[in-house]
Amino acid sequence: MTDWWRDAVIYQVYVRSFADGNGDGVGDLIGARQRLPYLKDLGVDAIWLTPFYPSPMADFGYDVADYRDVDPLFGALGDAKALIKDAHGLGLRVIVDIVPNHTSSAHPWFREALRGIGRDRYIFRDSRAGGPPNDWESIFGGPAWTQVEDGQWYLHLFDPAQPDLNWEHPEVNAEFDSILRFWLDLGVDGFRVDVAHGMVKPRDLPDIGHPGQVRLIGCEPVPYFDNDGVHDIHRRWRKILDSYPGERIGVAEAWAPTPERLAAYVRPDELHQAFNFHFLFTPWQAPALRRVIDESLATAGSVGAPTTWVLSNHDVKRHVTRYGSLARARAATLLMLALPGSAYLYQGEELGLPEVLDLPEEVCQDPQRLRAPDSGRDGCRVPIPWTRSLGWHRPWLPIPPSWGELSVEAQHGVPGSTLELYRAALRLRRTFQRAGYETLTWHDSPEGTLLFSRGDLVCAVNLTGSTAGLVTGEVLLTSDTPEALDSTTWWRGRVA
Ligand code: BGC
């Protein structure tokens with residue numbers, strides 16, 4: 001066992017916006033494959049590819065019509081195979097997204113269901129008092145139920161084009177076993193499990209009892225999330241993963257009301273990792289960060305799982321914008337990469353890309369933006385600028401011209417650039433993964449700062465205070481000058 005995943009840095013490729021191999025303005029697998037050397041050079045251990053399966057793209061691929069193929073927009077199955085092979089050749093592992101909570105309404109099963117065949121693979125119910133069967137609302141806004149021609153309603157926690165599957169149906173279970181095996185046979189190293197806390201609903205589908213949107217992202221208990229039955233599925237999947245050589249992993253995208261309930265997803269016989277969104281949503285304040293770091297380490301540690309850390313992804317505002325400055329984002333990144341456990345990077349954060357907040361409404365496409373004016377996710381999905389001239393022909397979302405100076409071309413080899421900071425951090429990070437670096441020890445430090453060590457690594461974070469004079473030794477890396485506010489510095493040395 002190498003336990004490669006326990007401290008891996010995993011880079012999220014949002015395929016549609018990463019690299020365009022065929023010049024149609026949409027990123028694809030050919031483009032992603034061409035950029036593998038860039039990712040190798042960046043220093044990540046694995047990539048996670050967001051869904052590239054045939055899909056009407058009502059939710060950008062999270063509405064899957066065929067789980068065993070590639071959408072022509074993104075290439076062909078052969079491109080996926082070639083990408084996996086090339087990645088492995090470079091020593092990079094490949095994780096793919098699996099979307100088990102719902103299919104696309106274009107999936108053959110749902111088409112059959114509309115004709116009255118096999119409806120029990122989904123969640124169909126009769127009307128209640130002439131309206132929907134219960135009071136659940138969709139995460140994208142509006143009722144979570146849509147009525148079909150013969151008067152029944154089907155459940156969709158997301159878009160009406162994403163009908164929820166009924167995981168009590170043996171055929172649903174068997175089908176996903178087979179889908180997992182299909183991709184494992186092609187060599188993938190694991191799965192990011194979409195809405196891993198949502199697959200099983202209580203049979204009586206109880207009302208929530210109060211109006212108001214319930215979001216995917218949040219810890220409020222709701223009857224349709226975090227039901228105990230989901231763990232049976234994860235246990236079953238773990239057995240499948242373990243039946244393949246090479247430590248294939250499952251990563252849960254899960255929300256749970258308490259840290260203990262979240263830890264249940266990564267018990268030794270369930271999935272390997274769960275995203276730690278509590279860290280992502282912690283404000284840039286020393287006490288809050290220290291609390292969430294301690295809580296995260298303790299929670300995962302209680303079941304023997306590694307902690308994960310993530311600051312950005314395709315569903316949230318990029319952390320440069322959330323934190324209000326690039327300096328703070330860089331400091332947050334160095335803090336994250338100094339912590340024990342596994343870290344997830346979202347494409348473009350290594351360039352310091354901000355959220356694009358001024359996309360014209362006519363180009364926005366995310367269904368979630370219809371829920372509330374500020375909730376759209378298009379702004380974090382703008383394509384990656386590869387060159388000063390941006391490197392895309394008519395990208396599906398416009399790239400701000402100012403991003404030419406943030407491009408890979410503009411930052412490559414430039415000391416102090418965000419790209420070089422990430423490269424240096426990932427290179428150094430490998431040296432902290434050896435014996436002696438397992439535990440994190442906090443040291444007293446002035447208000448507005450954080451100070452901890454792991455082995456002979458000392459990490460000093462200035463938020464609103466200063467760590468001047470607290471550490472002696474050699475500065476290994478700093479997100480800015482060691483004494484600037486909003487800076488994180490890695491030292492090889494000791495606390496004075
Ligand atoms: C994905 C979202 C998607 C939703 C529905 C989430 O976990 O990250 O992008 O809209 O699942 O599949």
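Worth saying up front: this structure is predicted, and the values here are computed from it rather than measured. Atom set for the values below is all heavy atoms of this structure, side chains included, hydrogens, waters and symmetry mates excluded. When a ligand or atom number is given, it counts from 1 through the structure's own listing order.
With ligand atoms numbered from 1 in the order given, ligand 1 contributes 10 (O) to contacts under 4.0 Å with heavy atoms of F140. Every atom of ligand 1 is numbered from 1 in the order shown, and the set under 4.0 Å from a heavy atom of D315 is 1 (C), 2 (C), 6 (C), 8 (O), 9 (O). Ligand 1 places these atoms under 4.0 Å from at least one heavy atom of H314: 1 (C), 2 (C), 8 (O), 9 (O). Close contacts between ligand 1 and D59 involve ligand atoms 3 (C), 4 (C), 5 (C), 10 (O), 12 (O) [criterion: under 4.0 Å to a heavy atom].
Ionic pairing of D207 and R128 is present here: one or more N-O contacts between side-chain nitrogen and carboxylate oxygen are shorter than 4.0 angstrom. Between D242 and K239 there is no salt bridge, since no side-chain N of the basic residue sits under 4.0 Å from a carboxylate O of the acidic one. Using a 4.0 Å cut-off between charged side-chain N and carboxylate O, E350 and R423 make no salt bridge. Residues E270 and R238 are not paired through a salt bridge, judged by the lack of any N-O separation under 4.0 Å between the basic side chain and the carboxylate.
Under the salt bridge (Lys or Arg N to Asp or Glu O under 4.0 Å) criterion, D71 pairs with no residue at all, not counting sequence neighbours. In this structure R35 satisfies the salt bridge (Lys or Arg N to Asp or Glu O under 4.0 Å) test with no other residue, sequence neighbours excluded.
The residue among L157, V99, D63, D194 with a heavy atom at the shortest distance from atom 11 (O) of ligand 1 is D194. Comparing heavy-atom distances from atom 7 (O) of ligand 1 across R381, E253, H102, R377 singles out E253 as nearest.
Residue-ligand proximity: R192 is placed with a non-hydrogen atom under 4.0 Å from ligand 1.
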